[in-house]
Amino acid sequence: MGKLAVLSLVAVALAVFIGERLGTLRHLTLSYRELTKNYLPNCQLIKGIEFGAEDITILEDGLAFLSTGLKYPGLPSYSDSPGKIYTLNLLDFKPKVESLSIKGDFDKDSFNPHGISVYIDDKDGGIYLFVVNHPQGKSQVEIFRFVDHENALKHIKTIKHELLHNVNDIVAVGTESFYATNDHYFTNDILKSLELLFSLPWCDVVYYSPETVQVVAGGFLSANGINISPNKRHLYVSNIMKHKITVLEIQKTTELSHVKEVDVGSLCDNIEVDRESGDLWLGCHPNAFKFFYCDPNDPAGSEVIKIEHILSEKPRVTQVYSDDGSVIIGSSVAAPYGGKVLIGTVYQKALICDLKE
């Protein structure tokens, strides 16, 4: 066989391979999906949130923490200012956001907050806020103590570890211990792209404590949101590119055993858990192709999905809210409280909506 024929075969094979990979990528990103608007009653934009509220978590007393100003590689960033943590008291007659000051030995200028989680110490009632931080594009975890009467966060500790290399989200289980997700295996931007192109399920969940750091679950094609059940027996992880929520059971050794997966039909980001019902609330990207492409004339939509009875044989998955990008772009979290829900986005605005008329 001549060289020309060999080169022709190689070119054809490469074209077929690339075509197959791009087809798979279109499926993973749900690039074909179009949304029908499904609005909640009485939705209002939250004043003061202009550059995203990537993650939100709400205390039992109605105080919400919002992680804002994330600068994530490959996505637009409309502010050069450092990220901030805001609070919003949902029990106020007219809730408004307040920026928390940060005290202690901490580099505020490089603060780039991502996923957050709150832990309340049973011993003294202390409120600890865990924040995934990406200064200069790196990954580390900050532990703060919330000082209510000063409306401030006191920096306690910075945690870095080679296993915490691409941290997306976190769930605190102690004053210095947590589970965290890595949304990529590689740290190099080019290799990250190839990781997605080749659909490599190499992402994982890491358990950290001062005594132990270990990978406790793997096989994710980008592990994003993570949260824990009200009884502290199960972890929920968003296998975002597979459009599934994975349920894991916590063993006595802090390791995890696989229980099940639930299809959600969307790329769901952060997970919030209703402390009373145990329902999961998910902020989702209904069309990730649009989300990554960032065309202002064809913006990415937003979607909120709820999962009821996730541990049963037939969990109920329902769409609570959807928008084609005309109201908010790139929803990443939905946090319910007292008949309302806060819907945050990666880099844009945030909503507060009533759940009933």
Side-chain angles (χ1 to χ4, degrees), residues 33-70 85-98 115-116 118 224-225 227 236 238 245 264-287 290-291 299-308 310 316-357:
R33 189 172 178 216
E34 297 293 338
L35 273 185
T36 301
K37 293 179 181 179
N38 177 22
Y39 289 158
L40 286 164
N42 191 30
C43 285
Q44 298 178 356
L45 293 171
I46 299 174
K47 293 181 179 180
I49 302 298
E50 299 293 338
F51 307 113
E54 199 281 336
D55 202 4
I56 301 171
T57 191
I58 306 175
L59 300 182
E60 194 170 354
D61 65 1
L63 185 68
F65 292 86
L66 297 84
S67 166
T68 72
L70 173 65
I85 303 295
Y86 287 94
T87 57
L88 180 74
N89 193 333
L90 292 170
L91 295 185
D92 287 348
F93 178 66
K94 291 185 177 181
K96 62 180 181 178
V97 295
E98 295 186 40
I116 61 175
V118 167
N224 276 46
N227 217 319
Y236 309 119
S238 174
I245 300 298
V264 289
S266 191
L267 290 91
C268 293
D269 200 333
N270 290 299
I271 303 170
E272 290 300 305
V273 180
D274 188 306
R275 60 176 51 87
E276 294 182 2
S277 66
D279 296 341
L280 275 63
W281 288 73
L282 315 169
C284 307
H285 306 293
N287 185 324
K290 290 185 178 182
F291 178 69
S302 295
E303 186 172 29
V304 173
I305 289 176
K306 180 171 70 169
I307 305 178
E308 301 171 85
I310 191 168
R316 185 183 180 197
V317 179
T318 56
Q319 184 194 75
V320 177
Y321 174 91
S322 67
D323 171 57
D324 61 3
S326 58
V327 178
I328 54 172
I329 297 172
S331 56
S332 55
V333 63
Y337 184 88
K340 296 182 180 295
V341 61
L342 301 181
I343 305 173
T345 66
V346 177
Y347 57 82
Q348 198 222 13
K349 300 177 181 180
L351 279 181
I352 180 170
C353 301
D354 291 337
L355 290 173
K356 297 180 179 179
E357 295 283 0

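Position 1 is the first residue of the sequence, and the numbers go up from there. Note that the coordinates shown come from a computational prediction; the quantities given were computed from them, not determined experimentally.
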Open item on the list: Measuring only between side-chain heavy atoms, which start at C-beta, is E272 closer than 4.5 Å to I56?
Closed with: no

Task: Nearest-0.5 Å distance that lies between atom CD1 in I58 and atom CG in N89 - done: 10.5 Å

Task: Minimum side-chain heavy-atom gap P336-K306 below 4.5 Å - done: no

TODO: Return the minimal non-hydrogen interatomic distance between V97 and Y86, and the atom names on each side.
DONE: CB-CD2, 3.9 Å

Open item on the list: Quick check: do C284 and Q319 have side-chain heavy atoms less than 4.5 Å from each other?
Closed with: no

TODO: Find out whether H285 and V346 are in side-chain contact, i.e. whether some heavy atom of one side chain is under 4.5 Å from a heavy atom of the other.
DONE: yes

TODO: Return the minimal non-hydrogen interatomic distance between E308 and D279, and the atom names on each side.
DONE: CA-OD1, 3.5 Å

Open item on the list: Is it the case that the ring center of Y39 lies less than 6.0 angstrom away from the ring center of Y321?
Closed with: yes

Open item on the list: Applying side chain to side chain contact (heavy atoms under 4.5 Å, CB included) to L35 and N287, what does each step give before you reach the verdict?
Closed with: CA-CA 9 Å; L35 273 185; N287 185 324; over 6 Å; no

TODO: Taking the side chain as every heavy atom from C-beta outward, state whether L267 and N224 have any pair of such atoms under 4.5 Å apart.
DONE: no

TODO: Looking only at non-hydrogen atoms, find the nearest pair between I271 and G225 and report the distance.
DONE: CD1-O, 3.7 Å

TODO: Mind listing the closest non-hydrogen atom pair of E303 and P286 along with its distance?
DONE: OE1-CB, 3.5 Å

Open item on the list: So, taking the atom named CD1 in I307 and the one named CG in D274, what distance separates them when rounded to the nearest 0.5 Å?
Closed with: 13.5 Å

- [ ] Would you mind telling me which of V317, V320, L280 makes a side-chain contact (heavy atoms from CB on, under 4.5 Å) with I305?
- [x] V317

Open item on the list: Taking the side chain as everything from C-beta on, heavy atoms only, tell me whether L40 gets closer than 4.5 Å to D354.
Closed with: no

Task: Atom pair CD/CG of E98 and L88 - distance to nearest 0.5 Å - done: 9.0 Å

Task: Exercise: identify the closest heavy-atom pair between I116 and D55 - done: N-OD2, 2.9 Å

Open item on the list: In the structure I gave you, are the side-chain heavy atoms of L282 and S238 within less than 4.5 Å of one another anywhere?
Closed with: no

- [ ] Any chance you could measure T68, atom OG1, to I85, atom CD1, to the nearest 0.5 Å?
- [x] 6.5 Å

Task: D92 side-chain N/O to K94 backbone N/O, donor-acceptor pair under 3.5 Å - done: no

Open item on the list: So, taking the atom named CG in N38 and the one named CG in D324, what distance separates them when rounded to the nearest 0.5 Å?
Closed with: 12.0 Å

Open item on the list: Counting only heavy atoms not in R316 (residues, nucleotides, ligands), do more than 12 fall under 6.0 Å from its CZ?
Closed with: no

- [ ] For residues G278 and V273, report the shortest heavy-atom separation together with the two atoms involved.
- [x] O-CG1, 3.9 Å

Open item on the list: As a quick check of understanding, evaluate side chain to side chain contact (heavy atoms under 4.5 Å, CB included) for Y337 and L91, giving each step before the final call.
Closed with: CA-CA 10 Å; Y337 184 88; L91 295 185; 4.0 Å; yes

TODO: Evaluate the criterion side chain to side chain contact (heavy atoms under 4.5 Å, CB included) for residue pair E34 and K290; output intermediate values, then yes/no.
DONE: CA-CA 10 Å; E34 297 293 338; K290 290 185 178 182; 3.4 Å; yes

Can you give each donor-acceptor pair under 3.5 Å made by side-chain atoms of residues 45-54, sequence neighbours left out, with the distance rounded to 0.1 Å?
residue	atom	partner	partner atom	Å
E54	OE1	N270	ND2	3.4
E54	OE2	N270	ND2	3.1

Task: Approximate separation, where rounding is to 0.5 Å, of F65 CZ and L59 CG - done: 5.0 Å

TODO: Would you check if S302 and V327 make a side-chain contact, meaning some heavy-atom pair closer than 4.5 Å?
DONE: no

